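Here the structure comes first, spelled out in structure tokens, and everything after it is commentary.
What you see is a predicted model; the values in this text were computed from it and never measured. Because only heavy atoms are used, hydrogens play no part in the values below, and waters and symmetry mates are left out as well, while side chains stay in.
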Amino acid sequence: MQWYNKTSEEVFTELHSSNQGLSTEVAVQKLQEHGKNELKQESKTPFTQKLLAQLLDPMIIILVLASVVSAVVGEVIDALIIIAIVLINTALSLYQEGKAEAAIEALQKMSSPKAKIVRDGKRVEIDSTELVPGDYVILETGDIIPADLRLVDSANLKIDESSLTGESVPVEKDYKQTYEGKMEIGDRENIAYSSTIVSYGRGAGVVVETGENTEIGKIATSISTPEKEQTPLQKRLAGLSKTLGILVIGICLLVLVVGVLRKHEILEMFMTSISLAVAAVPEGLPAIVTIVLSLGMSKMAEKNAIVKKLLAVETLGTTTVICSDKTGTLTQNEMTVVKAYTDGEVYDVVGTGYNPNGEIVLNNESVDVKSKKGLNLLANIAALTNDAKLIQNNEEWGIIGDPTEGALLTFAEKAGYGIEDTNAKYARVEEIPFDSDRKMMTTFHSEFIKDKVISFTKGAPDIVLSNCKYFLDGEEVKELTEKDRENIMQKNSLFARDALRVLAYAYREWDSIPNKKTTENVENDMILVGLTGMIDPARPEAKEAIKECKSAGIIPIMITGDHLETGFAIAKELGIATEESQAIMGRELNELSDEQMRKVVREKRVFTRVSPENKVQIVQALKEEGHITAMTGDGVNDAPAIKKAHIGIAMGITGTDVAKSTAEVILTDDNFATIVHAVEEGRIIYSNIKKFVGFLLSCNLGEVLIVFIAILLNLPVPLLPIQLLWLNLVTDSFPALALGVEKGEAEIMEEPPRNPDEPLLDSELKLTIAIQSVAITIATLGAYMLGLQWYGNQEEGVAIARTMAFATLIISELLRSYSARSIKDTLFSIGIFSNRKLVWATLLSLALTLVVMEIPGVRELFKLTPLSLKDWVVILVGALIPLALGEIQKVIRFNKTHNSK
């Protein structure tokens, strides 16, 4: 049995407490038994342990070995460059550590430092950490709830639970309520939760849970242990690292053995084999990946998505499901009056949010409000029974006060009534505040009718209507019949069916202000004026973003703390769901098995009134279904699901510190469309990573084949270790980096998401690598063997042939980078010079190559010799072979794809 199932008397009895509170002696005993009312700090992982974990990564180990090899062959600068790459990569990774600790610290900051309680029958104030079960806590407007309380007293008590439940409207509390069976957090009106805020009224409660046993404490526990799951890119790079590691060992042994068998000198073969090992490993890969991801982070930041973790940039591109909160992300988080019913007509209210620019229309034609008595009176009541304020900051409009009242002010402004002028003209002389029992608010105004006082009332439609005896019909006041009541309630139902929040408005005339303290009939015998329907409208750009999601094969799911009707109405408008059967309430998920839960996530698209546990359930089931899941949220209640998802996304404007600390991505505009832009950028980045990985591996494999085949043919080694290291430095850096910022294909968001299990090197990329590496080998070995044929096998002839091979290999790889810009689109279709960064990168690499080939002293250092014009003709013709073959492969592939359609 839960605390909300028990009456306040039962709670007092069970906890041995009363409205006189605990005695100091009992409180001390309970404090020893239960511990302090605080969240425990997780022990932090030592820095040395974090550092060691980073350095044991397979790719890092290979790079360290590569640096040792480079140092052994005398390339100290190259070794230092590789070590620098390792240090940069490690530093960036360590920077991302400790998010769980940050989330816990943010949770602790939310705790209330002081609590007003009754001890030994006296009201005192103590540190909230000293609270124990049974303490009697007093609550007032503005207080932060210090622990989980079972309310034992309440008067117009409203608590803002948005940080815990996600529900944007403050929750009305009633200590008299008791429940049968299990109730969701957002529906427990007799419980007040730790770290939520009293927004209105007063009350008192008995502490029932403290510290880690509170709802917020449970959330803290769930996010304190970092369940670190590798991102898709991490998995692919790890797999590639292992493959390359095995390849490195194999190359070293094979070249060494074959070379010795072919009577080459053992020392020469040893140096060549370890140089090839370095050549086989694209040591620039981690650095280029890091730089490209960093550039992607910058692009996303420009589009209002701040990415805290480098690898999250790529993971966004693999997303197959986006679970989004409703309020503020899919909607504007600004209540807006969209319908008004009076004088027997339903009016549309144009304009969204708190911006007062808009109009009232009937049958698509603008209405002169002042010519319509009922509409005129409705707008006045909306303006005058109101304690909110409209504010303007630059061009942005907002409110101070209740969102509902803010919407009514905006409606009145659209109707042509300036709020300040109206309130000044018809000053409020008395009022009866809203309370949860009456569900109405009444204000009294003079000067509205000459020599009369008028009372205006707004409230729940059924309550207001039941207190009305008459209704306004055009210019006449008529007595309400049962049929009239049915018609009005039918309009109310139609509004409610569209998930509109409906309020009713009435008035009554008085000769003087009634004594509301003794008069029970102030809000009786009123004249009904009409209804308004308001909603937090969907963002206009969200609908287009949802459409783009679907065309990209991404499933959008709404997860909200609001009621089912409201959630489904917005989901239907946006295109997330089409049938109400696609919506489900959180309480229906509680008893489901894992298999049943997986079936639910396959079928449902809207989840309402969900608990933090439900959100984790949903994310877990989606992951078990093989989805790469992005989860958005802004409250403490969202943190466990944000952490559980592959990509956690927090709201930058409305998000709590806990949500932001737990997430990998923060939206600075709280906009769903921004997520879609980030997904597109992630797809582009992954596509570019594949491009430069394919480019690097085809070049490096070509280098290995060139040396290995030459040894098999018993030819002199075509490339010396220093030459291999130099050309790797030139071709593995600048062109690969330029490929990493290639503009994405236009149809990238029309393709389905990648299979999460798809390897980085898919069959198409493997074929491309194979063709290109063979083409590079043919071109380079062809130039080398022609050089040997022309100049002989003596030392001078071999040097010229090597120089020809060196130049052919570098230029062919540089030209190959242009073909690598797209796997399927030809160079002519995307524009030869459209990637200016690649143009500058190849020019720089070519200039550096000419420096080592043409400048005396440097040329001799690299064992190179001058070349003749005919040598250069061979080099240039050979260098074009990989580019030509790459483009021919695309044309053949395109024609096959086209014909298959």
Side-chain angles (χ1 to χ4, degrees), residues 72-75 251-280 699-728 730-731 773-813 849-850 852-882:
V72 168
V73 298
E75 292 302 313
I251 289 169
C252 287
L253 293 175
L254 189 60
V255 171
L256 183 61
V257 171
V258 172
V260 171
L261 290 176
R262 288 292 188 179
K263 309 300 182 184
H264 287 275
E265 292 184 10
I266 294 178
L267 181 59
E268 180 190 9
M269 283 300 94
F270 174 74
M271 297 295 283
T272 301
S273 64
I274 56 177
S275 297
L276 271 182
V278 174
C699 294
N700 291 15
L701 184 57
E703 294 162 16
V704 172
L705 289 174
I706 290 164
V707 175
F708 183 63
I709 291 172
I711 292 172
L712 282 179
L713 297 175
N714 209 22
L715 298 174
V717 177
L719 294 164
L720 298 175
I722 193 172
Q723 294 168 351
L724 280 170
L725 293 169
W726 171 259
L727 67 89
N728 252 16
V730 169
T731 59
S773 59
V774 169
I776 289 169
T777 302
I778 291 170
T780 306
L781 271 181
Y784 178 63
M785 294 173 76
L786 196 57
L788 290 176
Q789 186 177 341
W790 285 350
Y791 301 109
N793 286 344
Q794 302 305 312
E795 185 176 341
E796 185 178 345
V798 171
I800 297 174
R802 278 177 179 157
T803 305
M804 290 175 67
F806 177 78
T808 304
L809 182 55
I810 288 181
I811 296 173
S812 66
E813 289 185 357
T849 300
L850 292 175
V852 299
M853 289 184 66
E854 300 299 330
I855 296 179
V858 179
R859 181 171 56 209
E860 284 71 29
L861 181 66
F862 283 86
K863 309 293 192 294
L864 300 170
T865 61
L867 297 176
S868 65
L869 181 61
K870 71 173 184 176
D871 299 335
W872 278 109
V873 171
V874 171
I875 289 166
L876 294 175
V877 170
L880 285 168
I881 293 174

Only counting residues at least two apart or in another chain, list the ones meeting side-chain contact (heavy atoms from CB on, under 4.5 Å) with [X].
X      : answer
Val774 : Ile778
Ile881 : Ala775, Ala779, Leu885
Ile709 : Leu705, Leu713, Thr777, Leu781
Asn714 : Arg262, His264

- Would you mind reporting whether Thr780 and Glu703 have side-chain heavy atoms less than 4.5 Å apart?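 SC-SC contact between Glu703 and Thr780 ruled out.
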- With side chains defined as the heavy atoms from C-beta onward, is the minimum distance between Tyr784 and Ile706 less than 4.5 Å?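 No, their side chains stay 4.5 Å or more apart.
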On a heavy-atom basis, which atom in [X] and which in [Y] lie closest, and how many Å separate them?
X      : Y      : value
Ala710 : Pro718 : CB-CD, 3.5 Å
Ala879 : Ile811 : CB-CG2, 3.5 Å
Pro856 : Glu854 : CD-O, 3.2 Å
Ala783 : Met804 : O-CE, 3.6 Å

Return a table of donor-acceptor pairs under 3.5 angstrom between the side chains of residues 863-877 and protein atoms on other chains or two or more places apart.
{"unit_1": "Thr865", "atom_1": "OG1", "unit_2": "Thr803", "atom_2": "OG1", "d": "3.4"}
{"unit_1": "Ser868", "atom_1": "OG", "unit_2": "Asp871", "atom_2": "N", "d": "3.4"}
{"unit_1": "Ser868", "atom_1": "OG", "unit_2": "Asp871", "atom_2": "OD1", "d": "3.4"}
{"unit_1": "Ser868", "atom_1": "OG", "unit_2": "Asp871", "atom_2": "OD2", "d": "2.9"}
{"unit_1": "Asp871", "atom_1": "OD1", "unit_2": "Tyr791", "atom_2": "OH", "d": "2.8"}
{"unit_1": "Asp871", "atom_1": "OD2", "unit_2": "Tyr791", "atom_2": "OH", "d": "3.2"}
{"unit_1": "Asp871", "atom_1": "OD2", "unit_2": "Ser868", "atom_2": "N", "d": "2.9"}

- Message: Taking atom CE as the centre, does Met785 end up with more than 12 heavy-atom neighbours from other residues, nucleotides or ligands that are less than 6.0 angstrom away?
- Response: no
- Got a sec: does the CD of Glu860 have more than 12 other heavy atoms crowding it under 6.0 Å? yes
- Item | Separation of Ile776 CD1 from Ile810 CD1 (nearest 0.5 Å) |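 Between atom CD1 of Ile810 and atom CD1 of Ile776 there are 12.0 Å.
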